[in-house]
Amino acid sequence: MRLFRLEVKRIMKSRRTLTLLAAALLMSIVMAYLPISFESINRPGEDGKIIELNGLPAIQFKRDYFEKTAGNITPQKLAEALRTYQSYVKEYGTLNDVPLDIYIENIMAIRPMLRGLIEAFADPKTGIGADLMDIDPDEVEQYFYEKCVSHLDDTMNLEQKEYEAARQFAAGRYADVDQPFYLYPGMSRDAFDYTTLYILVLSILCVAIASPAFANEYQTGSDSILRCTKYGRMKLAVTRILSVCCIFIVIFILGMSIHLLILNLAFGTDCLKTSFQMLFSVINLPNINLGQLQIILVLAGLLSVLAIVSCTLFLSARCRDSLTVLLISIVVLFLPIFAYGALGDTWIGGILPSAGIGMKNNFLYQLCDFNFLHIGGMSFWTPYVILVSAAVEIPLFLFLTVHSYCKHQVA
C-alpha cells in the first residue's frame, strides 16, 4: 500500500499530469456548456415582434411549452396530433405559410411526436420517409406500433438481407421494447453527441498521461536502479499499473459526473424518462430511456478508455521513449475512426481498444444503427463486439505489460 501511495504521488506531482487533469475537468464544463448554448427558439412577443431565445431561456421555454404533450405516446394521441397538423396545413396551403403565432400555439408542440410517423410509414422498398399529409390518421390510431415493427423488418431486409441471424436478432430485441413510448421535453441529441465527444477528449488526455509510465524511466536510466530494489520488477509493474488505472478511473468518473450534472440541471431530469426511440429512431433496438442511456455511455466509455490506456501501458513497457509510445497510441486511438470512414463497419474497427470511442463510429451511434459483423452464418451486433473486445483486451494488455516490463533488457 505504501508503494501504491508513492506511485500515485509521483504521478500526480508531475506538472504534465496536473495540466492534463485540469484540462480534462475544464473540458467537462465546456462540452456541457456548448449544447446548452446552441439551444434556440423563436416566439412571438406581446407587440407582435418575434423574440429569439437562446441558451437557458430557450431551454426553459421549451420545457414549459412542450409540457402539454409530455407523457406516453399512445396511437390515439398520435392520431389526434396528426389530424391537427393536417388541418392547419390544408387551411394555409403549406407548413411554411402557417402564421408563426398559430404555428407556435397549435403545431410546434406536436412536431416531436410526429417525427416517428415519418419513419414508421416510410416506403417499404426504398426506406424513404413518408409525407405527413399522406398518412391516414385512422391508420395511425389502429396500427402505429405494428407499423414500427414492419418498418424495422423492411429496414433489416434492405440492410441485412443476406444475414438471417441479424434479422432474427433485431426482431427479437425490438419485441422486448416497452410500448407505448414516452416523450418528455428537454435534452436534445446534440447533448449526447457532446457527451461522446468528451469521452474522446478524455481518451486523448489519458493516453498522454499514461504514455511515459514506463518508457520515461527507460530514457532517464532510473529504471535500472529501480529493478535492483526489493520491490522492483513485477511488484513495481503491478503497483504502477494499479496507480495509473485508479487515477484514470477517478478522473473519468469525476469529469463525467460534472459534465452530466450540468446537462441534467440545465435540461431537467424529467426528460431522462424519454424513450430512446423518441429521440433517435422509432425502430432503435435498445429498451432504455435517456437516463439509462447516460449510464450506458459512461460505463461503455470507461471500459473503452481503460482498454486504450492498457494498450498504452503495454506500449510504454515495450518502447524505449515516451514520444514513440504517444505517437503509436494516438494512431491506435484514431484508427477506428479512420477505418469506419473508409471501410464502414469492419472487424478492424470493432475489436480495437478504442472501438467505442470516436465520431460517427462511437458507441452511441452503434446503439442507434443496425451494424453487424459476420462470421459464417453468425452475426454479431457491433455494440456487443465493442464491449466484449474491450473487456478481453484490458486484462490481456495489462498482463502483457507486466510480462514485457519484467523481461525488459537495458540496452
Side-chain angles (χ1 to χ4, degrees), residues 73 75 78-79 82 111-136 139-183 189 192-193 196 274-290 292-293 296 340-341 343-347 349-350 355-356 359-387:
I73 306 300
L78 273 175
L82 181 60
R111 289 297 298 277
M113 290 192 296
L114 299 180
R115 284 199 298 263
L117 294 178
I118 298 175
E119 278 191 272
F121 288 83
D123 189 307
K125 295 181 179 180
T126 64
I128 298 176
D131 190 314
L132 289 174
M133 297 303 294
D134 297 333
I135 301 174
D136 184 357
E139 192 174 354
V140 172
E141 191 167 357
Q142 295 180 26
Y143 305 113
F144 170 69
Y145 285 105
E146 288 80 356
K147 279 288 187 178
C148 291
V149 175
S150 299
H151 179 50
L152 173 64
D153 292 339
D154 295 335
T155 300
M156 293 303 296
N157 287 331
L158 288 171
E159 297 185 8
Q160 305 288 339
K161 61 181 179 181
E162 298 179 0
Y163 302 99
E164 176 65 23
R167 297 198 300 273
Q168 290 181 356
F169 173 87
R173 284 296 304 264
Y174 196 72
D176 295 332
V177 173
D178 295 333
Q179 297 173 351
F181 301 144
Y182 285 83
L183 177 63
R189 294 179 61 167
F192 287 96
D193 287 337
T196 58
T274 297
S275 299
F276 185 68
Q277 288 74 17
M278 292 307 298
L279 187 62
F280 294 93
S281 170
V282 292
I283 57 173
N284 286 147
L285 302 181
N287 182 31
I288 57 176
N289 58 34
L290 299 188
Q292 293 167 325
L293 176 61
I296 290 173
Y340 183 85
L343 305 172
D345 279 292
T346 62
W347 283 101
M359 306 299 286
K360 291 297 183 181
N361 66 303
N362 64 49
F363 194 77
L364 171 62
Y365 283 97
Q366 297 298 334
L367 285 175
C368 294
D369 291 335
F370 306 95
N371 299 321
F372 290 83
L373 299 174
H374 311 283
I375 298 180
M378 297 183 293
S379 299
F380 303 92
W381 195 32
T382 50
Y384 288 171
V385 175
I386 291 171
L387 293 178

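- Remark: Y384 engages F169, W381 in a ring pair (Phe, Tyr, Trp, His ring centres under 6.0 Å) (not counting sequence neighbours).
- Annotation: side chain to side chain donor-acceptor pair (under 3.5 Å) contacts of T274 (sequence neighbours excluded): none.
- At least one side-chain heavy atom of L367 sits less than 4.5 Å from a side-chain heavy atom of L293.
- Counting heavy-atom neighbours within 6.0 Å of Y143 OH, excluding the residue itself, gives a total of 12 or less.
- D193 pairs by the side chain to side chain contact (heavy atoms under 4.5 Å, CB included) definition with D190, L364, Y365, not counting sequence neighbours.
- Taking the side chain to side chain contact (heavy atoms under 4.5 Å, CB included) definition, one finds that Y182 meets it with N72, Y184, S275, sequence neighbours left out.
- Nearest approach of V149 to Y174, heavy atoms of both residues: CG2-CE2, 3.9 Å.
- The shortest distance between side-chain heavy atoms of T196 and F363 does not fall below 4.5 Å.
- Remark: F280 pairs with F276 by the ring pair (Phe, Tyr, Trp, His ring centres under 6.0 Å) rule, at least two apart or across chains.
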Scan the side chains in residues 121-135 for donor-acceptor partners under 3.5 Å anywhere in the protein, sequence neighbours excluded, and list what turns up.
| residue | atom | partner | partner atom | Å |
| --- | --- | --- | --- | --- |
| D123 | OD1 | K125 | N | 2.8 |
| D123 | OD1 | T126 | N | 3.3 |
| T126 | OG1 | I128 | N | 3.3 |
| D131 | OD1 | M133 | N | 2.8 |

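- Residue pairs meeting the salt bridge (Lys or Arg N to Asp or Glu O under 4.0 Å) criterion with at least one partner in residues 142-153, sequence neighbours excluded, are E139-K147.
- Between the side chain of Q168 and the backbone N or O of A165, no donor-acceptor pair lies under 3.5 Å.
- Here the CG atom belonging to N361 is positioned 11.0 Å from the CG atom belonging to D369, to the nearest 0.5 angstrom.
- The shortest non-hydrogen separation linking V282 to E119 is N-OE1, 3.2 Å.
- Applying the ring pair (Phe, Tyr, Trp, His ring centres under 6.0 Å) rule to F144 yields no partners; only residues at least two apart in sequence or on another chain are considered.
- We find the CD1-CD1 distance between I296 and I288 to be 4.0 Å, quoted to the nearest 0.5 Å.
- Considering only residues two or more places apart in sequence or on other chains, F181 meets the ring pair (Phe, Tyr, Trp, His ring centres under 6.0 Å) condition with Y145.
- Heavy atoms only, all atoms of each residue included: S379 and H374 are closest at OG-ND1, 2.8 Å.
- Between P112 and M278 the shortest heavy-atom distance is O-CE, 4.1 Å.
- Side-chain contact between Q366 and Y340 is present, with at least one heavy-atom pair separated by less than 4.5 Å.
- Under the salt bridge (Lys or Arg N to Asp or Glu O under 4.0 Å) criterion, the residue pairs touching residues 164-175 are E164-R167, with sequence neighbours excluded.
- Partners of D178 according to the side chain to side chain contact (heavy atoms under 4.5 Å, CB included) rule, which considers only residues two or more places apart in sequence or in another chain, are N287.
- A search for side chain to side chain contact (heavy atoms under 4.5 Å, CB included) contacts involving E159 returns T155, F370, not counting sequence neighbours.
- Rounded to the nearest 0.5 angstrom, M378 CE and L373 CG are separated by 12.0 Å.
- Not one N or O on the side chain of Q160 forms a donor-acceptor pair closer than 3.5 Å with the backbone of A166.
- The distance from atom CD of Q179 to atom CD of Q277, rounded to the nearest 0.5 Å, is 8.5 Å.
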